[in-house]
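Taking it in order: structure first as structure tokens, then the write-up.
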Amino acid sequence: MPVRIASLQTFRRDYPVVGHFKFFAGRGDRPPMRETVLVKLTTDDGAAGWGQCVPSPRWSYETIETVESTLRGYLAPALVGLDPLDGEAIHAAMDHAIAPSFSTGQPICKAGVDLALFDLAGRMLKQSPAERWGRQSAESVTLSWTLNPTSLAAMEADVAEAQRRGYRHFNVKVAPNAAYDLQLLRRLRQLAPEAIVWADANGGYDLETALSVAPRLADLGVSALEQPLPAVRLADFARLRKQGALPILMDEPLVSCDVLREFHQLGLLDGAAIKVSRCGGLSDARRQVEYLLEHGLLFFGSGLTDPDLSLAASLQLFAAYGLSVPAALNGPQYLSGSVLRTPIQISGDIAHAPTGPGLGVAVDASKLTASD
């Protein structure tokens, strides 16, 4: 008889936020926290796999409350009894329980299940991610430091802290104030002339501003401009890319490989910043990476301030597919604490990819309290 999924459990785990990051703020009198939900899939023979959902309501519409209620009320009932090695059937069941709208429905929530499934299946097969994918993995991934300063003085202090900790490269949050952005990046170039730098507007420019600022960013040696415009401004993306001043990356709207393919065919982008947690997990993120490589598009790596399991999944993907640009995985920069028996090792700006089957990491269950 084949093994079946017997249960899906959820565990709330929040991580204190260290320093200022615009996507995390305290609620009421509570200090800023990176809220997450861990997912544990257990089979009827006792095997288990772990994943992690990382909602960020200032970045996307999913909240910690919607993640928990969706996992418990909709996805868990849909998955119990299914074969954990039949990923296609499991994703179909999730999409039947929470239907797609424009593309994947509640992708950040579903990412936690996808990671738990990947971890479980890898342990059952006794294979690492690279082995399952038939690839030779790198041992580590170089990280970039995220800059989102409120003043030039704050930026200079932040760069000094990054360099003290061994970081050499920077991703910079920009928009909507283009004049300030140019001033900031000009000063950054003075402080770190050899750094790889790219700018991320998180959809914060309008077309006129983006057309004006892109050539100036190029003059400052910025490698690419990520998500310069709101996700729905497709005609504006076409006009900006036609300008050709700077490579244009997309991020927020690429919640499935089908969307990436369509936007590429429409001539809207030069590449993508891949986020495992944005597009429902490793399954679709890997498809997006392979699409980028197949079509000669730029492959950048990013995340949603991922801790622990979500960070491990990103490192596994980026290491296996040879990411050559420093990854904007800023969990190690902004978060403290870990639920892993052995936390992911960071040496300066080098993150060591976990080894072993599944996601390559082990959860310390004594650090968790079940939320269901």
| remark: Note: C53 and G112 closest approach over all heavy atoms is SG-CA, 3.6 Å

| Is a side-chain donor-acceptor pair under 3.5 Å present for D349 with T142? | no

| request: Give, for atom CG of D200 and atom CG of L225, the distance between the pair rounded to the nearest 0.5 Å. | output: 8.5 Å

| task | Establish, from distance only, whether the side-chain atoms of Y205 and N177 form a donor-acceptor pair under 3.5 Å. | result | no

| Heavy-atom distance under 4.5 Å between the side chains of V232 and L234, does that happen here? | no

| task | Check the hydrophobic clustering (I, L, V, M, F, W, Y; side-chain heavy atoms under 4.5 Å; chains of links allowed) and say if L85 and V113 are grouped together. | result | yes

| query | Considering only heavy atoms from C-beta outward, does the side chain of T10 approach that of R72 to under 4.5 Å? | reply | yes

| request: Classify the ring geometry between W145 and Y167 as parallel (under 30°), tilted (30 to 60°) or perpendicular (over 60°). | output: perpendicular

| task | Spell out, as yes or no, whether a donor-acceptor pair under 3.5 Å connects the side chain of E62 to the backbone of I108. | result | yes

| note | Test side chain to side chain contact (heavy atoms under 4.5 Å, CB included), reference I5, set D86, I90, D83, output is I90

| query | Does any donor atom in the side chain of H352 or S347 lie under 3.5 Å from an acceptor atom in the other side chain? | reply | yes

| query | Taking everything shown except R123 itself, do over 12 heavy atoms lie less than 6.0 Å from its CZ? | reply | yes

| message | Show the nearest heavy-atom pair for residues V3 and P84, with the distance to one decimal. | response | O-CD, 3.3 Å

| Among L335, T305, N148, whose side chain to side chain contact (heavy atoms under 4.5 Å, CB included) with N330 holds? | T305

| note | Residues at least two apart in sequence or cross-chain that pass ring pair (Phe, Tyr, Trp, His ring centres under 6.0 Å) with Y334, listed by chain then number, are F21

| said: Keeping E131 on the side-chain end and S128 on the backbone end, is there a donor-acceptor pair under 3.5 Å? | reply: yes

| Shortest non-hydrogen contact between A48 and T42, atoms and distance | CB-OG1, 4.1 Å

| query | So, the side chain of Q52 versus the backbone of S310: is there a donor-acceptor pair under 3.5 Å, distance only? | reply | yes

| Hey, what do you get for CH2 (W59) to NZ (K275), rounding to the nearest 0.5 Å? | 5.0 Å

| query | Got a donor-acceptor contact below 3.5 angstrom from the S212 side chain to the E208 backbone? | reply | no

| query | When rounded to the nearest 0.5 angstrom, what distance separates CG in L79 from NE2 in H91? | reply | 9.5 Å

| message | Assess whether a salt bridge exists between R216 and D219, defined as any Lys/Arg side-chain N lying under 4.0 Å from an Asp/Glu carboxylate O. | response | no

| query | With V222, which of V172, L246, I196 fulfils side chain to side chain contact (heavy atoms under 4.5 Å, CB included)? | reply | L246

| said: We want to know whether S256 and D258 form a side-chain donor-acceptor pair, criterion being a heavy-atom distance below 3.5 angstrom. | reply: no

| task | First locate atom CD of Q106, then atom CG of L75, and finally report the distance between them rounded to the nearest 0.5 Å. | result | 7.5 Å

| CA sep, side-chain torsions, deciding dist, call: E226, M250, side-chain contact (heavy atoms from CB on, under 4.5 Å) | CA-CA 6 Å; E226 179 183 341; M250 275 194 180; over 6 Å; no

| task | Run the numbers on M33 and F24 for side-chain contact (heavy atoms from CB on, under 4.5 Å), then give the verdict. | result | CA-CA 7 Å; M33 303 289 286; F24 299 104; over 6 Å; no

| Is the Lys NZ or Arg CZ of R13 less than 6.0 Å from the centre of Y15's six-membered ring, within 45° of the axis? | yes

| Co-membership, hydrophobic cluster, residues L115 and L340, 4.5 Å side-chain | yes

| Atom pair OG (S7) and CG (L41), whose distance is rounded to the nearest 0.5 Å | 7.5 Å

| said: Determine whether a donor-acceptor pair (N or O, by modelled atom type, separation under 3.5 Å) exists between the side chain of Q345 and the backbone of P343. | reply: yes

| task | Please report the closest heavy-atom contact between L188 and M155, naming both atoms and the distance. | result | N-CE, 3.8 Å

| query | Does R168 pair with E194 as a salt bridge, N-O distance under 4.0 Å? | reply | no

Enumerate donor-acceptor pairs with a distance under 3.5 Å from any side-chain N or O in residues 133-141 to protein atoms, sequence neighbours excluded.
unit_1, atom_1, unit_2, atom_2, d
R135, NE, A320, O, 2.8

| query | About how many Å separate NE2 of H295 and NE2 of H264, when rounded to the nearest 0.5 Å? | reply | 6.0 Å

| field | From CA spacing to verdict: side-chain contact (heavy atoms from CB on, under 4.5 Å), S144, F170 | value | CA-CA 5 Å; S144 66; F170 299 89; 5.8 Å; no

| field | Expected output: side-chain N171 to main-chain W198 donor-acceptor under 3.5 Å | value | no

| field | Validation row: C257, Q288 side chains within 4.5 angstrom (heavy atoms) | value | yes

What donor-acceptor contacts under 3.5 angstrom involve side-chain atoms of residues 265-273, with partners at least two apart or in another chain?
unit_1, atom_1, unit_2, atom_2, d
D270, OD1, R241, NE, 3.0
D270, OD1, R241, NH2, 3.4
D270, OD2, I248, N, 2.8

| task | Indicate if V259 and L298 have the same hydrophobic cluster label, given that clusters are the connected sets of ILVMFWY residues with side-chain heavy-atom separations under 4.5 angstrom. | result | no

| Do you know which two heavy atoms are closest between G51 and L309, and how far apart they sit? | O-CD1, 3.6 Å

| From CA spacing to verdict: side-chain contact (heavy atoms from CB on, under 4.5 Å), L249, Q227 | CA-CA 6 Å; L249 308 179; Q227 201 59 42; over 6 Å; no

| field | Option among V325, I274, L292 that satisfies the side chain to side chain contact (heavy atoms under 4.5 Å, CB included) test with F300 | value | V325

| Any chance CZ of R189 has more than 12 other-residue heavy atoms, nucleotides or ligands included, within less than 6.0 Å? | yes

| request: Could you tell me whether a side-chain N or O of D206 sits under 3.5 Å from a main-chain N or O of T209, the two making a donor and an acceptor? | output: yes

| field | Donor on one side chain, acceptor on other, S314 and D306, under 3.5 Å | value | no

| field | Within 6.0 angstrom of Y74 OH, more than 12 heavy atoms from elsewhere | value | no

| message | Does this structure show an ion pair linking R287 with E290, if we count only N-O contacts that are shorter than 4.0 Å? | response | no

| query | Counting only N and O atoms by type, is there a donor-acceptor contact under 3.5 Å from the side chain of Q243 to the main-chain atoms of L211? | reply | yes

| query | Any chain of hydrophobic side-chain contacts (each under 4.5 Å) joining L260 to L304? | reply | yes

| field | D114, D284, D251 screened by salt bridge (Lys or Arg N to Asp or Glu O under 4.0 Å) with R278, the one that passes | value | D251

| task | Could you tell me whether a side-chain N or O of D119 sits under 3.5 Å from a main-chain N or O of W50, the two making a donor and an acceptor? | result | yes

| said: If you count every heavy atom of other residues, nucleotides or ligands that lies below 6.0 Å from Q190 atom CD, does the total exceed 12? | reply: yes

| Backbone N/O of T63 and side chain of T66: donor-acceptor pair under 3.5 Å | yes

| message | Is there a path of hydrophobic side-chain contacts, each under 4.5 Å between heavy atoms, that joins V80 and L8? | response | no

| request: Might you point out which heavy atoms bring Q316 and L359 nearest each other, and give the distance in Å? | output: NE2-O, 2.9 Å

